[in-house]
Amino acid sequence: MPELPEVETIKNELKPFLINKRIIGVKLENKKIIGYPKPKDFLKKIINKKILNIDRKGKYLILKLSENYNLTFHLRLSGRLIYDENLEDKVKYTRIKFLFNKGTLSFSEPRLLGRVYLYPVDELPKSLSSLNNLGKEPLMPEFNFQYLKTKIKNRHTNIKSLLLDQKIACGVGNIYSDEALFCAKIHPKRKGSSLKDEEIKRLVKCLKKIIKIAINKKGTSISDYLRPDGKVGSFQKYLKVFRKEGERCIRCNGKIRRIKINNRSSYFCPNCQKEV
DNA sequence: ACAATATCCTGCGAGC
DNA sequence: TGCTCGCAGGATATTG
């Protein structure tokens with residue numbers, strides 16, 4: 001599932017191919033993929049816009065277009081953006097395809113939960129209002145002990161869910177929250193308010209460390225994620241707990257467990273990460 | 001404001 | 001081989 005390191009990789013690797021390309025055509029295969037505006041308007045307004053730059057905000061990828069428009073993608077669980085310099089029609093589950101003078105960009109999304117949005121930069125659609133309410137990203141200097149403590153100290157919810165909250169740890173998803181909690185030796189079910197200062201400090205450090213390495217390794221290709229050229233990332237080689245139920249903990253040889261927290265899988269070592 | 005739960009969506013792997 | 005069943009999970013809506 002694409003989280004911050006995956007979307008960052010996609011941004012970095014698409015950039016050299018997309019900058020200054022003009023969108024001369026669009027092939028819409030499934031209307032559901034368009035989050036805003038209505039498909040008809042989307043197709044009309046996108047034509048002849050030029051890609052000037054690419055940004056990332058949390059898990060959102062934002063193409064800065066000419067005439068002050070943004071083309072924003074969210075890949076959700078299984079979305080992929082594949083760039084092809086030739087014009088071959090080989091990307092499976094392509095829901096929308098952008099055509100340039102040379103090359104194409106395919107938005108593939110088997111589960112159809114991902115979305116693409118087109119809007120003037122100063123007219124953010126309601127369906128994207130969350131873009132204005134994102135918290136700090138782990139790699140920002142402002143993401144420090146004080147910041148995280150303020151966000152979680154009065155929260156009765158478990159720390160795993162708090163880490164997945166984009167208003168708290170923007171860009172973090174299921175993989176990196178589990179890995180960070182393991183690194184910091186914190187049980188995923190611990191209440192936010194129960195964390196000691198030292199634990200919050202460790203968690204901040206671990207999040208920064210893991211996200212940084214994951215970006216260097218070009219993301220985690222464990223389920224659907226691929227880079228824009230179709231290659232895999234390599235952080236899956238460095239996972240310590242995620243999707244390792246029943247395997248041995250590298251720190252204490254304990255048996256890694258999987259539990260459900262708010263209906264999502266959470267992997268941890270019961271011996272290193274105590275609940276009390 | 002917070003917390004817990006339901007919903008979206010379809011491919012895929014497990015089990016028989 | 002072919003069928004059914006339930007899982008995967010980010011963000012948002014809904015309910016309490």
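Lettering follows sequence order; numbering is per chain, from 1.
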**Student:** Would you name the heavy atoms of A:Pro138 and A:Leu207 that are closest together and state the gap between them?
**Tutor:** CB-CB, 4.3 Å

**Student:** Assess A:Arg80 against A:Tyr93: is NZ or CZ under 6.0 Å from the centre of the six-membered ring, and within 45 degrees of the ring's axis?
**Tutor:** no

**Student:** Holding to ring pair (Phe, Tyr, Trp, His ring centres under 6.0 Å), I want the full list of residues that pass it with A:Tyr83, two or more places apart in sequence or in another chain.
**Tutor:** A:Phe17

**Student:** With sequence neighbours left out, which residue pairs that include part of residues 254-264 of chain A fulfil the salt bridge (charged side-chain N to carboxylate O under 4.0 Å, His left out) condition?
**Tutor:** A:Glu245-A:Arg258

**Student:** Mind listing the residues from residues 107-131 of chain A sitting with a heavy atom below 4.0 Å of DNA chain C? Number order is fine.
**Tutor:** A:Arg111, A:Leu113, A:Ser130

**Student:** Looking at residues 162-175 of chain A, who's got a heavy atom less than 4.0 Å off DNA chain C?
**Tutor:** A:Gln166, A:Asn174

**Student:** Between A:Lys59 and C:dA11, is there a side-chain N or O to OP1/OP2 distance below 4.0 Å?
**Tutor:** yes

**Student:** What's the separation between atom CG in A:Asn271 and atom CG in A:Asn253, rounded to the nearest 0.5 Å?
**Tutor:** 9.5 Å

**Student:** What is the distance, to the nearest angstrom, from the CG atom on A:Asn262 to the C1' atom on C:dT12?
**Tutor:** 14 Å

**Student:** Please set out all donor-acceptor pairs under 3.5 angstrom arising from side-chain atoms of residues 112-134 of chain A, sequence neighbours excluded.
**Tutor:**
residue, atom, partner, partner atom, Å
A:Arg115, NE, A:Lys32, O, 3.2
A:Arg115, NH1, A:Lys32, O, 3.2
A:Arg115, NH1, A:Leu112, O, 3.0
A:Tyr119, OH, A:Thr72, OG1, 2.7
A:Ser129, OG, A:Lys126, O, 3.1
A:Ser130, OG, A:Tyr60, OH, 3.0
A:Asn133, ND2, A:Ser129, O, 3.4

**Student:** Sequence neighbours excluded and cut-off under 3.5 Å, please list the side-chain donor-acceptor pairs for residues 162-175 of chain A, or say none.
**Tutor:**
residue, atom, partner, partner atom, Å
A:Asp165, OD1, A:Lys167, N, 2.9
A:Gln166, OE1, A:Gly171, N, 2.8
A:Gln166, NE2, A:Leu164, O, 3.1
A:Gln166, NE2, A:Val172, O, 3.0
A:Asn174, OD1, A:Lys160, NZ, 2.5
A:Asn174, ND2, A:Ser265, O, 3.1

**Student:** Would you check if there is a donor-acceptor pair between the side chains of A:Lys191 and A:Asn158 at a distance under 3.5 Å?
**Tutor:** no

**Student:** Measure the distance from NZ on A:Lys260 to C1' on C:dG10 and round it to the nearest whole Å.
**Tutor:** 14 Å

**Student:** Answer yes or no: is the gap between the SG atoms of A:Cys252 and A:Cys272 smaller than 2.5 Å?
**Tutor:** no

**Student:** With a 4.0 Å cut-off on heavy atoms, is A:Ser265 in touch with a base, just the backbone sugar-phosphate, or nothing at all?
**Tutor:** sugar-phosphate

**Student:** With sequence neighbours excluded, give me every salt bridge (charged side-chain N to carboxylate O under 4.0 Å, His left out) pair touching residues 210-224 of chain A.
**Tutor:** A:Arg111-A:Asp224

**Student:** Would you say A:Lys11 has more than 12 foreign heavy atoms packed within less than 6.0 Å of its NZ?
**Tutor:** yes

**Student:** Given side chains that start at C-beta, do those of A:Val91 and A:Asp84 come closer than 4.5 Å, heavy atoms only?
**Tutor:** no

**Student:** Round to the nearest Å and state the distance from A:Lys57 atom NZ to C:dA11 atom C1'.
**Tutor:** 17 Å

**Student:** Find the distance between CD1 (A:Ile10) and CZ (A:Phe73) and round it off to the nearest 0.5 Å.
**Tutor:** 10.5 Å

**Student:** Examine the side chains of A:Glu6 and A:Tyr176 and answer whether a donor and an acceptor come within less than 3.5 Å of each other.
**Tutor:** yes

**Student:** Applying salt bridge (charged side-chain N to carboxylate O under 4.0 Å, His left out), which residue pairs with at least one partner in residues 37-55 of chain A are found, sequence neighbours left out?
**Tutor:** A:Lys49-A:Glu67

**Student:** What is the first contacted nucleotide of DNA chain B and what is the last, in 5' to 3' order, if contact means an atom lying under 4.0 angstrom from a heavy atom of chain A?
**Tutor:** B:dC2 to B:dC12

**Student:** Between the side-chain atoms of A:Arg264 and the base atoms of C:dG9, is any donor-acceptor pair under 3.5 Å?
**Tutor:** no

**Student:** Kindly calculate the angle separating the two end axes of the helix from B:dC2-C:dG16 to B:dC16-C:dG2, each obtained from five base pairs, and round it to 10 degrees.
**Tutor:** 40°

**Student:** Quick one: which residue pairs count as a salt bridge (charged side-chain N to carboxylate O under 4.0 Å, His left out) with a foot in residues 133-159 of chain A, not counting sequence neighbours?
**Tutor:** A:Arg56-A:Glu137, A:Lys149-A:Asp197

**Student:** Here's a test of your reading of the structure: between A:Asn263 and A:Lys191, which maps to the more 5' nucleotide of DNA chain B?
**Tutor:** A:Lys191

**Student:** Counting only side-chain nitrogens and oxygens, does A:His74 get under 4.0 Å of the OP1 or OP2 atom of C:dA11?
**Tutor:** yes

**Student:** Distances under 3.5 Å only, N/O to N/O: pair up the protein atoms with those of nucleotides 13-16 of chain C.
**Tutor:**
none

**Student:** To the nearest angstrom, how far is A:Glu3 atom CD from C:dG10 atom C1'?
**Tutor:** 10 Å

**Student:** Describe the nucleic acid contact of A:Tyr225 in one word from base, sugar-phosphate, nothing, applying a heavy-atom distance below 4.0 Å.
**Tutor:** nothing

